[in-house]
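Structure, as structure tokens:
The figures that follow rest on heavy atoms only: side chains count, while hydrogens, waters and symmetry mates do not. All ligand and atom numbering here is 1-based and tracks the order in the structure.
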Amino acid sequence: MTAIAVVGSQWGDEGKGKITDFLSKDAAMAVRSNGGNNAGHTIEIGDKTFKMRLIPSGIFAAKNGAVIGNGVVINPEVMFGELDNLEKEGIDISGLKISNRAHVIMPYHILQDTYQEEAKGDKKIGTTKNGIGPCYMDKASRIGIRVCDLLERDTFEEKLRTSLAEKNALFTKVYGKPELKFEDIFEKYLEYGQKMKKYVTDTSVVVNNALDNDEKVLFEGAQGVMLDIDEGTYPYVTSSNTISGGIASGIGMGANRLDTVIGVCKAYTTRVGEGPFPTELLDEVGDRIRETAHEYGTVTGRPRRVGWFDSVALRHAKRVAGINALSLNLLDVFSGFDKIKICTAYELDGEKIDYYPASLKELYRCKPVYEELPAWEEDITNVKTWEDLPENAKKFLNRVSELVGVPLVTVSVGPDREQTIVLKNPWEM
Ligand code: GDP
Ligand code: IMO
Ligand code: MG
């Protein structure tokens, strides 16, 4: 296989970073195609922990480096901060490529995100306040600023003046906030453009050429299917397509190029921010999972909401994202638990249903139908093979795979690269 996508199959934070890093040791390049620095991907290599926001997690291991595609929204300040850190750690970043068509997160996007959230009050989305939504809004409104615009002084000046006039009107008239000054932004962002220039190229050509030459390319998703702007729990979603379909448009390649779509999931479910979450645990079991697994946001530090594994959501994710392989992470969290629950269906107004309702009102009325399985006592963090897993852990994994209807390819029993059990090598499927 030459093209593998790793997508989150729940509400993000499934451990995509870890699996991407693990798989990219066999890849020529690692590619990101959506989202921005709302993502927080944790990678543990030996005694080092890296928290990646914008730079693909595959940069550590992929042979020819990493690609940031046109579908990504780039905050240059955050990106250069991340690159500086990587360089300090001795990581080779020379292979990085940035799309000339990617949109740039401007200071007014971050403010707009914050003001919109404030104005929504208790109806807020709970965004990461990184300007992701407003940047994609401007892209769709055709007033966005792209990386290539930062490289042309006159184009950038004209676009920035137009956008700023509109944003300042919004900030002062609707939100009663101060204006931003052109002079405070213009030269600074032109400089970012110059600093970025050596990495900027048409990344669609780079990625398509690699695939044409049968090189192995790993497509690294950000967020998760349930946060997809079309297929997630709208409006409590992010502003990009997180499903595998978003990869084709976020890179500029045919939708027929992916060979395998790995859905990454946890042994349970988490969600950060607001919105429906049918299997949410608001009791001491939820607290125990949160504390055992340190479920606090990588980006905002917010405690993550925790719930049981939801196979209704996973089957939805499988269908809309074409998931044909499953990576399950954080299995070790259930060592010492008495029992584990899996949601097999929802009950809506007294009827059992097996689809994910589009209407939030219906979704809030859905009650999960659970199946209960026994957990295990053993610490499994050093287990290396399927055979060495406790019987009850195997039963749990087999049931998850059966309910989702997708074979498991990896099982993770700890945050380190090495704590990964490979059932089937995705590059050899
Ligand atoms: P991502 O956004 O999908 O890359 O996931 P995050 O990095 O935001 O959150 C996943 C968290 O789980 C990180 O802190 C990882 O280090 C950690 N993690 C990943 N796999 C495992 C695992 O198998 N066991 C444990 N205990 N932690 C894991
Ligand atoms: P990774 O890649 C978990 C959530 C936010 C909020 C909603 C919208 O680490 O899995 P946004 O700032 O995107 O407009 O916020 O989406 N969200 C994530 N939750 N993991 C992420 O990324 C997320 N990126 C955004 O918490 O509910
Ligand atoms: Mg994360």
Side-chain angles (χ1 to χ4, degrees), residues 6-22 32 34-45 49-54 56-58 72-73 75 105 109-110 112-114 116-117 124-137 220-229 232-240 242 263-277 289 291-305 327-335 379-381 383 410-421:
V6 170
V7 300
S9 60
Q10 295 164 323
W11 279 276
D13 303 327
E14 300 91 347
K16 297 176 293 294
K18 175 189 157 155
I19 292 303
T20 301
D21 168 61
F22 179 77
R32 250 190 79 174
N34 79 290
N37 59 305
N38 47 350
H41 300 167
T42 316
I43 295 153
E44 297 199 7
I45 308 170
T49 300
F50 298 90
K51 292 189 183 293
M52 312 300 283
R53 309 285 302 278
L54 201 51
S57 305
V72 175
V73 286
N75 178 329
I105 298 180
H109 291 138
I110 298 165
Q112 192 177 343
D113 198 352
T114 308
Q116 276 176 348
E117 283 284 274
K124 71 176 195 295
I125 306 293
T127 74
T128 61
K129 297 191 181 157
N130 284 308
I132 308 295
C135 186
Y136 280 117
M137 272 165 66
E220 170 188 348
Q223 291 81 52
V225 170
M226 301 312 284
L227 288 169
D228 182 273
I229 182 118
T233 46
Y234 190 90
Y236 297 98
V237 292
T238 190
S239 297
S240 67
T242 61
V264 187
C265 63
K266 285 174 164 160
Y268 48 93
T269 312
T270 60
R271 169 160 211 174
V272 205
E274 309 305 316
F277 185 178
I289 296 175
E291 295 315 313
T292 310
H294 313 291
E295 290 291 0
Y296 292 87
T298 316
V299 176
T300 56
R302 290 177 286 180
R304 290 175 181 153
R305 298 159 66 195
S327 271
L328 186 140
N329 294 332
L330 293 117
L331 184 68
D332 51 301
V333 171
F334 285 132
S335 288
D379 175 352
I380 56 168
T381 52
V383 171
T410 66
V411 175
S412 172
V413 292
D416 195 88
R417 245 185 205 179
E418 304 302 320
Q419 292 171 298
T420 314
I421 301 171

Shortest protein contact, atom 15 (O) of ligand 2 (heavy atom only): T127 CA, 3.3 Å
In this structure, are over 12 heavy atoms from other groups packed under 6.0 Å from Y296 atom OH? yes
Taking N or O atoms only and a 3.5 Å limit, does L330 qualify as a polar contact for ligand 1? yes
Can you tell which of D332, V413, N329 gets a heavy atom nearest to atom 24 (N) of ligand 1? D332
Is a donor on one side and an acceptor on the other found under 3.5 Å between the side chain of T42 and the backbone of K51? no
Counting non-hydrogen protein atoms only, what is the nearest one to atom 3 (C) of ligand 2? Give residue, atom name and distance. D13 OD2, 3.2 Å
Take every heavy atom of G40, measure it against each atom of ligand 2, and state whether any distance is under 4.0 Å. yes
Here the atoms of ligand 2 under 4.0 Å from any heavy atom belonging to W11 are 3 (C), 19 (N)
Looking at side-chain heavy atoms only, is the closest gap between Q10 and T270 below 4.5 Å? no
Nearest 0.5 Å please: distance from the CG atom of L54 over to the NE2 atom of H41. 10.5 Å
Does G12, backbone or side chain, put an N or O under 3.5 Å from an N or O of ligand 1? no
Show me which atoms of ligand 2 lie under 4.0 Å from any heavy atom of A222. 2 (O)
State whether G40 contributes an N/O/S atom found under 2.8 Å from the Mg ion (ligand 3). yes
Among the N/O/S atoms of D13, the Mg ion (ligand 3) lies closest to OD1
For atom 8 (C) of ligand 2, the closest protein heavy atom turns out to be V237 O, 3.4 Å
Show me which atoms of ligand 1 lie under 4.0 Å from any heavy atom of G17. 4 (O)
Euclidean distance, I110 CD1 relative to N75 CG, rounded to 0.5 Å: 5.0 Å
Could you check atom 16 (O) of ligand 1 against the protein and tell me its nearest heavy-atom contact, residue, atom and distance included? P415 CB, 3.5 Å
G126, G131, G273: member with heavy atom nearest to atom 6 (C) of ligand 2: G126
For the pair F334 and Y268, name the ring-plane relationship: parallel under 30°, tilted 30 to 60°, perpendicular over 60°. perpendicular
Is S412 in polar range of ligand 1, meaning some N or O pair under 3.5 Å apart? yes
Looking only at protein heavy atoms, which one is nearest to atom 6 (P) of ligand 1, and how far off is it? G40 O, 3.6 Å
Heavy-atom nearest neighbour in the protein, as seen from atom 23 (C) of ligand 2, with distance rounded to 0.1 Å: Q223 CG, 3.6 Å
Would you say E220 and M52 make side-chain contact, with heavy atoms under 4.5 Å? no
Identify the closest protein heavy atom to atom 10 (C) of ligand 1: which residue and atom is it, and at what distance? D13 O, 3.7 Å
The one among R304, H294, Q10 that brings a heavy atom closest to atom 9 (O) of ligand 1: R304
A student checking ligand 2 against A39 at a 4.0 Å heavy-atom cut-off should list atoms 1 (P), 2 (O), 9 (O), 22 (O)
Proximal ligand 1 atoms for H41, defined as those under 4.0 Å from one of its heavy atoms: 1 (P), 2 (O), 4 (O), 7 (O)
Should the proximity of T128 to ligand 2, defined as any heavy atom under 4.0 Å, be assigned to the side chain, the backbone, both, or neither? both
For A39, does its backbone N or O pair with a side-chain atom of R53 as donor and acceptor, under 3.5 Å? yes
Taking atom 15 (C) of ligand 1 as the point of reference, which of T42, N38, V7 owns the nearest heavy atom? T42
Enumerate the atoms of ligand 2 whose separation from the nearest heavy atom of K16 is less than 4.0 angstrom. 1 (P), 2 (O), 10 (O)
Check whether any N or O atom of N130, backbone or side chain, sits under 3.5 Å from an N or O atom of ligand 2, and answer yes or no. no
Between the side chain of R304 and the main-chain N/O of D13, is any donor-acceptor distance below 3.5 Å? no
Considering the options T238, N130, T128, T300, which one meets the side-chain hydrogen bond (donor to acceptor under 3.5 Å, both in side chains) requirement together with N38? T238
Quick one: does R271's side chain get under 4.5 Å of P276's, heavy atoms only? yes
Quick check for you: to the nearest 0.5 Å, what is the distance between I380 atom CD1 and S412 atom OG? 9.0 Å
Counting only heavy atoms closer than 4.0 Å, does ligand 2 sit against the backbone of R53, its side chain, both, or neither? neither
Please check whether E274 reaches ligand 2 - meaning an N/O of the residue sits under 3.5 Å from an N/O of the ligand, judged on distance alone. no
Any idea which protein heavy atom is nearest atom 27 (O) of ligand 2, and the distance to it? V272 O, 3.0 Å
I'd like to know whether ligand 1 has G8 as a neighbour, heavy-atom separation below 4.0 Å. no
Does the side chain of E295 come within less than 4.5 Å of V333's, by heavy atoms? no
With heavy-atom distances below 4.0 Å as the criterion, list the atoms of ligand 2 near H41. 1 (P), 2 (O), 9 (O)
So, the side chain of E274 versus the backbone of G126: is there a donor-acceptor pair under 3.5 Å, distance only? no
Going by heavy atoms in the side chains, are V7 and T242 under 4.5 Å from each other? no
Flag side-chain contact, heavy atom, 4.5 Å: V264 against N329: yes
Check: of L227, I125, T238, N34, min heavy-atom distance to atom 17 (N) of ligand 2 comes from L227
Measure the distance from atom 26 (O) of ligand 2 to every protein heavy atom, then report the residue, atom name and distance (to 0.1 Å) of the closest one. R302 NH2, 3.0 Å
Below a 4.0 angstrom heavy-atom separation, can you tell me which part of Y236, side chain or backbone, both or neither, approaches ligand 2? neither
Would E14 count as being in polar contact with ligand 1, using the rule that some N or O on each side must be under 3.5 angstrom apart? yes
Would you mind running through ligand 1 and noting each atom that sits below 4.0 Å from a heavy atom of K18? 20 (N)
